[in-house]
Participant: 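So that we are looking at the same thing, I have put the structure below in structure tokens.
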Amino acid sequence: MLFHVKMVVNLPQDMPSEVADDIKTREREYAQALQQRGTWRHLWRIAGSYANVSIFDVEDNAELHEILSGLPLFPYMAISVTPLCRHPSSIRDDDR
Ligand SMILES: O=C(O)CC1=CCC(=O)O1
């Protein structure tokens with residue numbers, strides 16, 4: 001199942017920079033491992049915002065929830081999820 005996920009990051013202004021840097025490092029490692037597995041298919045920065053849009057390929061809603069709630073930045077993000085299905089005009093075989 002494919003999902004479009006928008007994540008808006010909002011770190012507290014008073015968070016010490018070394019704490020923020022540690023969370024961001026762990027977030028990168030977590031995200032890159034999921035990209036290597038093909039679970040996190042796309043990761044795009046939204047230009048001009050500390051936010052991203054992503055496409056996840058997971059078995060079900062529960063797997064997506066487990067992945068998103070495991071993000072090191074999860075406590076500091078507003079996340080919105082949109083389920084996707086194949087468009088009849090798509091020419092991409094892997095769009096399912
Ligand atoms: O910077 C972001 O948009 C938050 C984030 C998600 C995965 C990652 O590496 O950073």
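Residue numbers count from 1 along this sequence. Both counts, for ligands and for their atoms, begin at 1 and track the order of listing.
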Participant: Would you check if Phe56 and Leu68 make a side-chain contact, meaning some heavy-atom pair closer than 4.5 Å?
Facilitator: yes

Participant: Please list, chain by chain and in numerical order, all residues satisfying salt bridge (charged side-chain N to carboxylate O under 4.0 Å, His left out) with Asp22, sequence neighbours excluded.
Facilitator: Arg26

Participant: Indicate every side-chain donor-acceptor pair of residues 69-85 with a distance under 3.5 Å to a residue at least two apart or in another chain.
Facilitator:
{"unit_1": "Ser69", "atom_1": "OG", "unit_2": "His65", "atom_2": "O", "d": "2.7"}
{"unit_1": "Ser69", "atom_1": "OG", "unit_2": "Glu66", "atom_2": "O", "d": "3.3"}

Participant: Side-chain contact, heavy-atom cut-off 4.5 Å: Gln35 with Leu43?
Facilitator: yes

Participant: List, pair by pair, the atoms of ligand 1 and of the protein that are both N or O and lie under 3.5 Å apart, giving the separation rounded to 0.1 Å.
Facilitator:
{"unit_1": "ligand 1", "atom_1": "1 (O)", "unit_2": "Arg45", "atom_2": "NH1", "d": "3.3"}
{"unit_1": "ligand 1", "atom_1": "1 (O)", "unit_2": "Arg45", "atom_2": "NH2", "d": "2.9"}
{"unit_1": "ligand 1", "atom_1": "3 (O)", "unit_2": "Arg45", "atom_2": "NH1", "d": "2.7"}
{"unit_1": "ligand 1", "atom_1": "3 (O)", "unit_2": "Asn52", "atom_2": "ND2", "d": "2.9"}

Participant: Should Asn52 and Ile46 count as side-chain neighbours, where that means a heavy-atom distance under 4.5 Å?
Facilitator: no

Participant: Identify, with sequence neighbours excluded, every residue that meets side-chain contact (heavy atoms from CB on, under 4.5 Å) alongside Pro88.
Facilitator: none

